[in-house]
Amino acid sequence: MEFDPRTDRLPFNEPAEQAHAGATESSSDARIRHLQRVPLFSGFSEKELRRVAELARIVDVPAGSAVTQIGEPGDSFFVIIDGTVAVRTPVGTGAQLHPGEFFGEMSLLDGEPRSATIVATTDLRLLVVDRSHFWRLLDEIPDLIGRMLTILSRRVRRLEHTVHAILHGTNPT
Ligand code: CMP
């Protein structure tokens, strides 16, 4: 069963926010501070970042948790703010994803079940965008579409490289 940020009893939003927020900083400002560190959002205006913050939540996830489970339905998109995850696809354990990288977009884009199991290899702080907000986010900040497509193209190339290496018995580096 996939981690569900709406119902699961993981430390959610407020503890992480409060820990960083300080007395004078609102939770929204703290969230924007997190977003400013994410390359996917680099160069975004304060207004755009504020909109991302409105449509997203910050979730803390302990190391070892499965954030997505292959074959299960998925309703959220994730951007890593802190920590690392391992991607387990049907081809095997593939890339590690690091701060600034995203996952979970495929099920939102095509409505199919999760294509991979994503496991937290360290404690994580994630930005979580739910399905309805995901489309609104892309509508309102179309720059995000181009950035995501560029990254998805790179992932396809890397995967093709890996499959080629497996088929030809070479080391997929
Ligand atoms: P989704 O299928 O919604 O859930 C699992 C996620 O793993 C998927 O979206 C992608 O974000 C990510 N993913 C799947 N395959 C790869 C891959 N080869 N490299 C990096 N990330 C992947």
Side-chain angles (χ1 to χ4, degrees), residues 1-8 10 12 34-35 37-42 44 52-53 55-173:
M1 175 79 167
E2 175 168 322
F3 155 72
D4 182 345
R6 288 162 303 186
T7 56
D8 281 6
L10 291 169
F12 179 68
H34 289 310
L35 298 183
R37 295 194 282 121
V38 175
L40 186 64
F41 306 128
S42 71
F44 278 16
V52 176
L55 294 174
R57 295 176 283 181
I58 306 286
V59 176
D60 289 340
V61 177
S65 307
V67 186
T68 72
Q69 284 280 5
I70 192 166
E72 297 220 342
D75 284 313
S76 303
F77 167 71
F78 304 90
V79 181
I80 302 173
I81 293 173
D82 291 309
T84 304
V85 300
V87 182
R88 296 181 188 154
T89 69
V91 180
T93 299
Q96 294 248 342
L97 301 178
H98 301 100
E101 298 190 278
F102 63 80
F103 59 91
E105 76 295 339
M106 290 173 63
S107 288
L108 299 195
L109 291 170
D110 65 12
E112 296 289 326
R114 294 297 195 195
S115 61
T117 294
I118 302 266
V119 177
T121 49
T122 67
D123 288 346
L124 295 178
R125 175 160 295 154
L126 299 173
L127 182 83
V128 183
V129 182
D130 293 329
R131 180 182 290 280
S132 57
H133 288 169
F134 179 71
W135 288 109
R136 200 177 304 169
L137 192 63
L138 296 185
D139 276 349
E140 292 185 21
I141 312 180
D143 256 15
L144 269 177
I145 299 173
R147 293 182 187 202
M148 287 176 65
L149 287 176
T150 302
I151 292 164
L152 292 180
S153 297
R154 287 193 193 126
R155 287 184 185 169
V156 170
R157 285 181 195 281
R158 201 179 312 136
L159 191 60
E160 286 173 341
H161 187 73
T162 302
V163 170
H164 180 275
I166 290 169
L167 291 176
H168 293 85
T170 53
N171 194 355
T173 50

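We count ligands from 1, going down the list as the structure has it; atoms in each ligand are counted the same way. Atoms considered below: every heavy atom in the structure, side chains included; atoms not considered: hydrogens, waters and symmetry mates. Small disclaimer: the values here were computed from a predicted structure and weren't measured.
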For ligand 1, which atoms, with element, lie under 4.0 Å from some heavy atom of Phe103?
-> 11 (O)
Quick check: does Arg114 get an N/O under 3.5 Å from an N/O on ligand 1?
-> yes
Going by the side chain to side chain donor-acceptor pair (under 3.5 Å) test, which pairs reach into residues 131-157, not counting sequence neighbours?
-> Arg51-Glu140, Asp75-Arg131
Any idea how His164 and His168 line up, ring-wise: parallel (<30°), tilted (30 to 60°), or perpendicular (>60°)?
-> parallel
Grab the two heavy atoms, one from Val52 and one from Phe41, that are nearest each other, plus how far apart they are.
-> CG1-CZ, 3.9 Å
Are Ala95 and ligand 1 in contact, using a heavy-atom cut-off of under 4.0 Å?
-> no
Look at atom 13 (N) of ligand 1 and say which protein heavy atom is nearest, naming residue and atom and giving the distance to 0.1 Å.
-> Val87 CG1, 4.0 Å
Tell me which protein heavy atom sits closest to atom 6 (C) of ligand 1, plus the residue, atom name and distance to 0.1 Å.
-> Gly104 N, 3.8 Å
Atom 19 (N) of ligand 1 sits nearest the protein heavy atom Arg155 CD, 4.0 Å
Is Phe44 close to Leu35 at the side-chain level, that is, under 4.5 Å between some pair of heavy atoms?
-> no
Taking only heavy atoms of Thr89 into account, list the atoms of ligand 1 that are under 4.0 Å away from them.
-> 15 (N)
Among all protein heavy atoms, pick out the one at the shortest distance from atom 10 (C) of ligand 1; state its residue, atom name and that distance to 0.1 Å.
-> Glu105 OE2, 3.5 Å
Any idea which protein heavy atom is nearest atom 14 (C) of ligand 1, and the distance to it?
-> Ser115 OG, 3.4 Å
Ile81 pairs by side chain to side chain contact (heavy atoms under 4.5 Å, CB included) with which of Leu126, Leu127, Leu124?
-> Leu127
Donor-acceptor pairs under 3.5 angstrom involving side-chain atoms of residues 95-105: please list them, not counting sequence neighbours.
residue, atom, partner, partner atom, Å
Glu101, OE1, His98, N, 2.7

Heavy-atom pair of closest approach, residues Val91 and Ile166 | CG1-CD1, 3.6 Å
Considering only the protein, which heavy-atom contact is closest to atom 7 (O) of ligand 1, and what is its distance?
-> Ile118 CD1, 3.5 Å
